[in-house]
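Okay, structure first, notes after.
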Amino acid sequence: MGTFAVTGSASGMGAASAALLERAGHTVIGVDLRDAVVIADLGTPDGRAHAVKEVLALSGGRLDGVAAIAGVGPNVPDAAAVMSINYFGPVALLTGLREALAASGAGRAVVISSNSASTVPLVDDELAALALAGDEDGARDRARAGQAATPAGILEFAPSIPAYATSKLAIAHWVRRTAVTPEWARQGVLLNAIAPGAVLTPLMTGSTGGAADRDPDEFPTPMPLGIFGEAEDIAFWVHQFLRPEARFTTGAVLYVDGGTDAAMRPDGHPSAMTF
């Protein structure tokens, strides 16, 4: 049996993923703001450093997998906090734990992106570039500026939607860029992302005004299956990516959204290489 770290373990997809790993007989080091083995705020540099230090101590410097699931939604009032938590948090945590993953000989890491990265028309390319360049202060300033320019009608129900969608696009790009570098790939550490859609978690219901009570066919984006997802639907794929058998998959972004992205962008992916 292995040792895994799961962020966001106190609720939603993180709790479901931690529970699935524990049922499989693994040791889970949960990381969250509350009700976790490691209490840490991944939205701050000090909190990330504390989380890495504690996980390394508890695991003895050897991890079989990390599921970076902690995140916040577009209902958070401060767009800067959204960028710090959703992008810089998982990047710092996974970077800090990479050597522990390599020490296992078959480390696995999975990050939560979102189908909002490709289905929300409010992504800020400059903000994504600042994030990918590692400029947290610049990204936070840009996120707040973008929030101030967002139409009032959108701010009423999703005050940080541009930062949210952009953070999820940036983390997906970071995964694809990072997974194929020698420090990860040639050390046997596999890195992938999951892009959920409308999944009934506290994050989603808090961001959409009680989506649990809504008709999926009246949701703002297409719902081809006619149902909302459950946290366990994402946990299933988290578990698959963390299994030793997933030895030939890295740099992937898997949409688990009931077909929403395919319905909105049927020809958007894959795209042919151009010269």
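D217 CG to I227 CD1: the interatomic distance, rounded to the nearest 0.5 Å, is 11.0 Å. Atom OG1 of T201 sits about 10.0 Å away from atom CD of E230, to the nearest 0.5 Å. Distance check, rounded to the nearest 0.5 Å: CZ of F236 to CZ of F241 gives 10.5 Å. Between the CG atom in L63 and the CZ atom in F4 there is a gap of 9.0 Å [rounded to 0.5 Å]. Between the OG atom in S116 and the CG atom in D257 there is a gap of 9.5 Å [rounded to 0.5 Å]. Note that CG of L122 is 7.0 Å distant from OG1 of T150, once rounded to the nearest 0.5 Å.
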Could you give the side-chain donor-acceptor pairs of residues 151-158 under 3.5 Å, partners two or more places apart or in another chain?
none

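Not one N or O on the side chain of E54 forms a donor-acceptor pair closer than 3.5 Å with the backbone of V38. With S9 contributing its side chain and A18 its backbone, the two residues share no donor-acceptor pair below 3.5 Å. The backbone N or O of T3 lies less than 3.5 Å from no partner atom in the side chain of H26, so there is not a single donor-acceptor pair. Judged by distance alone, with hydrogens and angles left aside, the side-chain atoms of D35 form no donor-acceptor pair with the main-chain N or O of A10 at under 3.5 Å. Judged by distance alone, with hydrogens and angles left aside, the side-chain atoms of S104 form a donor-acceptor pair with the main-chain N or O of L101 at under 3.5 Å. Between the side chain of R48 and the main chain of L93, no donor-acceptor pair closer than 3.5 Å is present. Not one N or O on the side chain of T166 forms a donor-acceptor pair closer than 3.5 Å with the backbone of L127. Remark: side-chain polar atoms of T44 are paired, donor with acceptor, to backbone N or O of G47 under 3.5 angstrom.
When hydrophobic clusters are built by joining Ile, Leu, Val, Met, Phe, Trp and Tyr residues whose side-chain heavy atoms come closer than 4.5 Å, directly or via intermediates, I39 is not grouped with L33. Taken together through direct or relayed side-chain contacts under 4.5 Å among Ile, Leu, Val, Met, Phe, Trp and Tyr, V55 and V189 form part of one hydrophobic cluster. Grouping the Ile, Leu, Val, Met, Phe, Trp and Tyr side chains by contacts below 4.5 angstrom, directly or via other members, places V28 apart from L58. Hydrophobic cluster membership is shared by M223 and L200, with clusters built from Ile, Leu, Val, Met, Phe, Trp and Tyr side chains linked at under 4.5 angstrom. Under the 4.5 Å side-chain heavy-atom criterion for ILVMFWY residues, a single connected hydrophobic cluster contains both V91 and V175.
Of the options I29, T27, V66, a side-chain contact (heavy atoms from CB on, under 4.5 Å) to S59 is made by I29 and by none of the others. Residue Y164 forms a side-chain contact (heavy atoms from CB on, under 4.5 Å) with just one option from V72, N86, V76, N75, and that option is N86.
Nearest approach of T250 to L190, heavy atoms of both residues: OG1-CA, 3.6 Å. The two residues L56 and A100 come nearest to each other via the heavy atoms CD2-CB, 3.6 Å. W184 approaches A109 most closely through the heavy-atom pair CZ3-CB, 4.4 Å. Residues S113 and P196 approach most closely at O-CD, 3.3 Å, considering heavy atoms. Scanning both residues, S160 and G73, for their nearest heavy atoms gives OG-O, 3.8 Å. The two residues G226 and P216 make their nearest non-hydrogen contact at O-CG, 3.5 Å.
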| request: Verify salt bridge (Lys or Arg N to Asp or Glu O under 4.0 Å) between E183 and R177, making sure each step is shown before the conclusion. | output: CA-CA 12 Å; E183 293 79 10; R177 292 182 183 188; over 6 Å; no
| request: Could you please spell out the steps behind the side chain to side chain contact (heavy atoms under 4.5 Å, CB included) verdict for M83 and E136? | output: CA-CA 8 Å; M83 290 302 300; E136 185 169 4; over 6 Å; no
| query | Could you walk me through whether I112 and K168 pass the side chain to side chain contact (heavy atoms under 4.5 Å, CB included) check? | reply | CA-CA 8 Å; I112 298 298; K168 293 303 188 178; 4.3 Å; yes
| message | Walk me through whether W174 and T95 qualify under side chain to side chain contact (heavy atoms under 4.5 Å, CB included). | response | CA-CA 11 Å; W174 179 81; T95 300; 4.0 Å; yes
| message | Walk me through whether R142 and D124 qualify under salt bridge (Lys or Arg N to Asp or Glu O under 4.0 Å). | response | CA-CA 9 Å; R142 176 77 182 183; D124 182 340; 2.8 Å; yes
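Side-chain contact between L191 and L94: present, with at least one pair of heavy atoms (C-beta onward) separated by less than 4.5 Å. Counting heavy atoms from C-beta outward, I69 and V6 have side chains that approach closer than 4.5 Å. I161 places none of its side-chain heavy atoms less than 4.5 Å from the side chain of Q147. Taking 4.5 Å as the limit, some side-chain heavy atom of L20 sits within range of a side-chain heavy atom of H239. Taking the side chain as every heavy atom from C-beta outward, V238 and M13 never approach each other to under 4.5 Å. Taking the side chain as every heavy atom from C-beta outward, T7 and L42 approach each other to under 4.5 Å. Contact check for V31 versus V37: no side-chain heavy atoms found under the 4.5 Å cut-off. Between D64 and R108 there is no side-chain heavy-atom pair separated by less than 4.5 Å.
Other residues, nucleotides and ligands contribute more than 12 heavy atoms inside 6.0 Å of the CD atom of Q240. Counting non-hydrogen atoms of other residues, nucleotides and ligands closer than 6.0 Å to CZ of R265 gives a total above 12.
H50 pairs by the ring pair (Phe, Tyr, Trp, His ring centres under 6.0 Å) definition with nothing, not counting sequence neighbours. Taking D32 as the reference, nothing meets the salt bridge (charged side-chain N to carboxylate O under 4.0 Å, His left out) condition, with sequence neighbours excluded.
A donor-acceptor contact closer than 3.5 angstrom links the side chains of Y255 and S118. Checked by atom type, the side-chain pair R140/S84 shows a donor-acceptor distance below 3.5 Å.
Note on D78 versus R144: salt bridge recorded, some NZ/NE/NH1/NH2 to OD/OE distance being below 4.0 Å.
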